[in-house]
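Scroll down for the structure; my scribbles are underneath it.
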Amino acid sequence: MKCVLMNKNTEVLLVEYNTNFGIFDRMYEIINIDYAPLLLKNYYEEEKDELVLLNRLTEWFKGRGIPSWRDKLDLLLHRLNIETADELLDKAFGLSLSDQYWLKPYDNDLKYDDVNFFDNDFDYAEFLEASLSLNSTMITKEASLKTPNNTTDGMLKKAWIIEGDTRYLLKGGYKNEILQPFNEVLASEICKRLGFKHVEYSLDTYKDTVVSKCPCFITKDTELVTGYQIRNHMQRHNNYEDYEDYIKVLENHGIKNAREQMENMYILDFLIMNEDRHLNNFGIIRDVNTLKWLSVAPIFDNGMALNVDYYSEGEVAISNHGRLFYEVKPFDEIIKVVKDFSRIESTKLNDLPEWFDKLLHQYQSITKMSDKRIQLLCVLLNRQINKLKDLIEKSV
């Protein structure tokens with residue numbers, strides 16, 4: 001299929017897409033490489049090789065799809081009546097709610113306004129059922145696969161829905177773990193209290209399952225450029241220099257308060273012991289029309305926290321390790337990237353463990369979480385708050 005890679009209304013590449021193998025196997029024309037995904041633009045400027053660009057384009061496009069490590073992926077595919085997640089990329093032009101890239105068939109008069117999911121409604125009930133229901137055996141119709149749910153990243157079961165004019169992402173827990181949605185809401189509460197820029201998460205229930213719910217923070221004029229895309233062509237040090245180099249790139253692109261906002265993210269990670277701050281769940285917001293870097297992305301995706309993989313009835317085995325770019329390090333080491341604690345009003349966190357205790361008990365009839373586990377989680381949270389207070393006192 002001859003098609004054009006589009007960035008909203010801007011033509012980027014004219015290519016051949018092999019639908020049988022899900023690859024791009026011919027480059028007809030490089031039209032406007034500046035409007036390509038930053039990752040592809042950097043590859044081309046470095047290699048100046050159209051074949052390399054084609055291969056990278058295939059990797060990038062496949063990477064837009066649901067990953068092979070998605071929880072219960074086999075069950076999802078069975079319910080959708082398809083064989084592989086790659087098939088979903090062909091159903092809706094590869095459109096996403098994280099950016100404005102899409103594949104337009106060549107010599108087709110389709111317009112961005114006709115197809116994008118920011119303005120146009122989409123069916124989601126069947127995908128929601130297939131993703132988050134415990135017992136569904138529904139076989140969906142192909143029409144229902146014209147949805148941004150085809151291009152959702154990450155291992156957690158999730159689905160985009162529409163309420164009013166707002167697009168919301170619902171996410172469940174991982175396997176039999178049910179704490180992740182509560183961690184997202186806890187992170188939002190901390191960010192609100194401390195004044196950190198963040199995506200607001202709330203709790204909802206879907207068929208007796210507790211899910212987190214957050215609005216889309218990208219608009220039809222912006223895109224999320226992840227830390228992975230930004231750092232991919234930078235020298236890798238495997239130490240604090242990776243973080244410092246990243247800050248310099250953001251500052252050189254005119255991002256205001258880049259260091260402070262990155263510090264805020266790591267303060268949050270320290271408080272909730274977020275183990276999974278990888279390079280694809282932070283980044284910057286870019287204007288797709290002007291390509292201007294606008295701001296650090298709001299803090300999002302905080303579910304893998306409070307040692308959810310280490311709990312067993314009777315004890316919480318604490319790993320005390322998180323991620324700092326390419327390194328796995330103790331939280332007590334990662335927090336050292338913070339140069340200024342003076343802006344943190346830690347007294348605003350005083351009753352946070354009690355608040356979290358109440359939240360966990362509120363949904364206890366659904367989650368079946370034991371009183372003992374709730375108590376241990378709140379003790380752990382209280383410990384981290386006190387450790388942060390100690391750091392603030394020592395910095396004065």
Side-chain angles (χ1 to χ4, degrees), residues 1-8 11-28 35-40 43 53-106 108 110 112 114-118 120-124 126-128 130-131 139-160 167 169 216 218 220 223-226 228-229 280 288:
M1 177 182 72
K2 193 175 184 179
C3 58
V4 183
L5 174 65
M6 305 288 295
N7 186 348
K8 196 176 178 180
E11 296 183 345
V12 180
L13 303 170
L14 180 59
V15 291
E16 186 73 26
Y17 179 63
N18 187 320
T19 56
N20 291 326
F21 296 98
I23 63 172
F24 295 89
D25 53 16
R26 183 175 179 182
M27 179 72 68
Y28 294 105
Y35 281 81
L38 182 64
L39 192 70
L40 298 182
Y43 274 128
L53 181 59
L54 268 179
N55 292 335
R56 297 301 187 183
L57 176 61
T58 295
E59 292 175 7
W60 169 82
F61 192 64
K62 285 181 178 292
R64 292 174 75 71
I66 296 174
S68 59
W69 55 88
R70 171 70 56 84
D71 185 21
K72 297 183 179 178
L73 176 61
D74 290 345
L75 180 59
L76 173 65
L77 298 180
H78 170 72
R79 290 173 173 177
L80 296 178
N81 198 25
I82 60 175
E83 294 184 2
T84 69
D86 287 347
E87 293 179 43
L88 293 171
L89 289 172
D90 299 336
K91 306 299 183 184
F93 310 104
L95 283 157
S96 169
L97 284 173
S98 295
D99 58 41
Q100 313 307 326
Y101 302 107
W102 59 293
L103 287 183
K104 185 178 79 168
Y106 185 64
N108 190 299
L110 273 177
Y112 171 81
D114 299 328
V115 297
N116 79 80
F117 292 125
F118 294 90
N120 298 289
D121 289 346
F122 52 88
D123 295 329
Y124 59 82
E126 292 176 335
F127 199 102
L128 178 63
S131 296
I139 302 299
T140 64
K141 301 175 183 178
E142 184 168 328
S144 68
L145 300 183
K146 294 181 178 179
T147 161
N149 288 307
N150 301 344
T151 51
T152 54
D153 197 5
M155 67 182 183
L156 296 182
K157 301 182 293 290
K158 61 189 67 174
W160 286 105
R167 278 66 179 146
L169 184 64
C216 182
I218 296 300
K220 65 179 181 180
E223 66 173 318
L224 171 67
V225 181
T226 63
Y228 172 77
Q229 291 199 59
N280 279 319
V288 300

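Here the side chains of Leu110 and Phe93 are in contact, with some heavy-atom distance below 4.5 Å. Between Leu95 and Thr151 the shortest side-chain heavy-atom distance does not fall below 4.5 Å. Lys146 has its side chain out of reach of Asp123: every pair of non-hydrogen atoms, C-beta onward, lies at least 4.5 Å apart.
Pairing each heavy atom of Val15 with each of Leu57, the nearest pair is CG1-CD2, 4.0 Å. Listed here is the closest heavy atom pair of Ala130 and Leu80: CB-CD2, 3.9 Å. Between Trp69 and Gly154, the shortest heavy-atom contact is NE1-C, 4.1 Å. Closest non-hydrogen pair, Tyr101 versus Tyr35, comes out as CE2-O, 3.4 Å. Heavy-atom minimum distance, Pro105 versus Leu103: CD-O, 3.7 Å. When all heavy atoms of Leu53 and Leu40 are compared, the pair lying nearest together is CD1-O, 3.9 Å.
For the atom pair CE (Met1) and CD (Glu16), the distance works out to 8.0 Å, reported to the nearest 0.5 Å. Distance CG/Leu13 to CZ/Phe24: 9.0 Å, rounded to 0.5 Å. Atom CG of residue Leu156 and atom OG of residue Ser131 lie 11.5 Å apart, to the nearest 0.5 angstrom. Here CZ of Arg70 is found 7.5 Å from CG of Asp153. Values are rounded to the nearest 0.5 Å. Between the CG atom in Asn150 and the OG atom in Ser96 there is a gap of 10.0 Å [rounded to 0.5 Å].
Taking the six-membered ring where the residue is Trp, Trp102 and Tyr112 present tilted rings, their angle falling between 30° and 60°.
Scanning for side-chain contact (heavy atoms from CB on, under 4.5 Å) contacts around Asp74 gives an empty result, with sequence neighbours left out. Considering only residues two or more places apart in sequence or on other chains, Asp25 meets the side chain to side chain donor-acceptor pair (under 3.5 Å) condition with Asn18.
Under the 6.0 Å cut-off for aromatic ring centres, Trp160 and Phe117 do not qualify, their centroids lying 6.0 Å or more apart. Taking the ring centroids of Tyr17 and Phe61, they lie under the 6.0 Å cut-off.
Residue pairs meeting the salt bridge (charged side-chain N to carboxylate O under 4.0 Å, His left out) criterion with at least one member in residues 54-66, sequence neighbours excluded: Arg56-Glu59, Lys62-Asp86, Arg64-Asp99.
Sparse packing is recorded around NZ of Lys220, with 12 or fewer heavy atoms of other residues, nucleotides or ligands lying under 6.0 Å away.
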Verdict with supporting geometry, Asp71 and Met155, side-chain contact (heavy atoms from CB on, under 4.5 Å): CA-CA 5 Å; Asp71 185 21; Met155 67 182 183; 5.5 Å; no
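Thr58 places a side-chain N or O within 3.5 Å of a backbone atom of Leu54 that can act as its donor or acceptor partner.
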